[in-house]
Amino acid sequence: YRDEHLDIATSMNNLGSVYFDLGEVHKSIELYNQALAIYNKKLPVGHIKISKTCNNLANSLLSLGKSRESKELLEESLATITQRYGPQHI
């Protein structure tokens with residue numbers, strides 16, 4: 001299915017960052033969630049692209065005052081990065 005290609009997910013993630021910078025946080029959240037849906041289908045659990053997109057989504061949620069949701073995503077991302085690179089990179 002063409003709409004679930006990894007390049008599309010990467011473009012959605014990047015565009016989400018642009019929308020965030022433009023102050024269109026709700027649109028950025030929509031795009032990050034769409035990118036994550038593709039990444040979660042196509043990539044193995046713990047892949048760095050999933051982690052980076054979770055970080056972006058967490059920042060958008062935090063800007064809306066959704067601290068708990070943001071914290072959960074950031075903790076998940078940190079665990080993934082720590083597992084991949086080791087605790088010496090924290």
Side-chain angles (χ1 to χ4, degrees):
Y1 186 59
R2 289 175 38 154
D3 291 342
E4 292 185 353
H5 194 279
L6 289 174
D7 289 342
I8 291 173
T10 299
S11 292
M12 288 176 167
N13 183 44
N14 293 339
L15 188 56
S17 295
V18 172
Y19 275 106
F20 180 80
D21 287 345
L22 292 172
E24 297 185 43
V25 179
H26 292 291
K27 183 65 178 175
S28 72
I29 290 170
E30 178 184 329
L31 287 162
Y32 294 142
N33 279 320
Q34 289 174 353
L36 280 171
I38 295 170
Y39 285 150
N40 284 325
K41 282 183 183 177
K42 301 287 184 176
L43 297 173
V45 173
H47 194 281
I48 195 68
K49 285 188 176 197
I50 295 170
S51 182
K52 288 179 179 181
T53 305
C54 281
N55 276 334
N56 291 340
L57 177 57
N59 287 332
S60 290
L61 291 169
L62 187 59
S63 75
L64 294 177
K66 297 183 177 187
S67 300
R68 281 201 168 98
E69 291 175 62
S70 178
K71 179 180 174 278
E72 289 174 17
L73 286 167
L74 290 171
E75 286 175 342
E76 177 185 328
S77 179
L78 178 60
T80 298
I81 292 169
T82 302
Q83 183 178 17
R84 180 177 176 126
Y85 296 111
Q88 68 275 13
H89 290 283
I90 294 179

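The figures that follow rest on heavy atoms only: side chains count, while hydrogens, waters and symmetry mates do not.
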Smallest heavy-atom separation, K41 atom then E4 atom, equals NZ-OE2, 2.7 Å
Side chain proximity check, K27 to L22, heavy atoms < 4.5 angstrom:
no
d(L15 CG, E30 CD) to nearest 0.5 Å is 10.0 Å
Tightest non-hydrogen contact, residues S60 and S63, listed as O-OG, 2.7 Å
Regarding R68 and E72, does a basic nitrogen lie under 4.0 Å from an acidic carboxylate oxygen? no
Value for CG (L73) from CG (N59), rounded to nearest 0.5 Å, stands at 10.0 Å
Interatomic distance, CD@E75 vs OG1@T82, rounded to 0.5 Å, equals 11.5 Å
When every non-hydrogen atom of M12 is compared with those of L31, the smallest separation belongs to O-CB, 3.6 Å
Query raised in the report: T10 side chain to L6 main-chain N or O, any donor-acceptor pair under 3.5 Å?
Result: yes
Q.
Assigning hydrophobic clusters by single linkage (Ile, Leu, Val, Met, Phe, Trp, Tyr; side-chain heavy-atom cutoff under 4.5 Å), is L74 placed with L36?
A. no
CD1 of I29 to CD of Q34, rounded to nearest 0.5 Å, is 12.5 Å
**Prompt:** When hydrophobic residues are tied together by side-chain contacts of less than 4.5 Å, even through go-betweens, does I38 share a cluster with Y19?
**Reply:** yes
Problem set entry | Intermediate values then yes/no, side-chain contact (heavy atoms from CB on, under 4.5 Å), T80 and I50 | CA-CA 9 Å; T80 298; I50 295 170; over 6 Å; no
S77 and S51 have their tightest heavy-atom pair at OG-OG, 2.5 Å
If we ignore hydrogens and angles and just use 3.5 Å, is the side chain of T53 paired with the main-chain N or O of K49 as donor and acceptor? yes
Determine whether a donor-acceptor pair (N or O, by modelled atom type, separation under 3.5 Å) exists between the side chain of S28 and the backbone of V25. yes
Do the side chains of N13 and Y32 get nearer than 4.5 Å, heavy atoms only? yes
#### Entry: Side-chain touch F20/N56, heavy atoms, less than 4.5 angstrom
no
Would you say that L64 contacts H26 through its side chain, given a criterion of any heavy-atom pair below 4.5 Å between the two side chains? yes
Looking only at heavy atoms, the pair that brings E76 and C54 closest together is OE2-SG, 4.1 Å
*In terms of hydrophobic clustering (I, L, V, M, F, W, Y; side-chain heavy atoms under 4.5 Å; direct or indirect links), are L57 and L43 co-clustered?*
yes
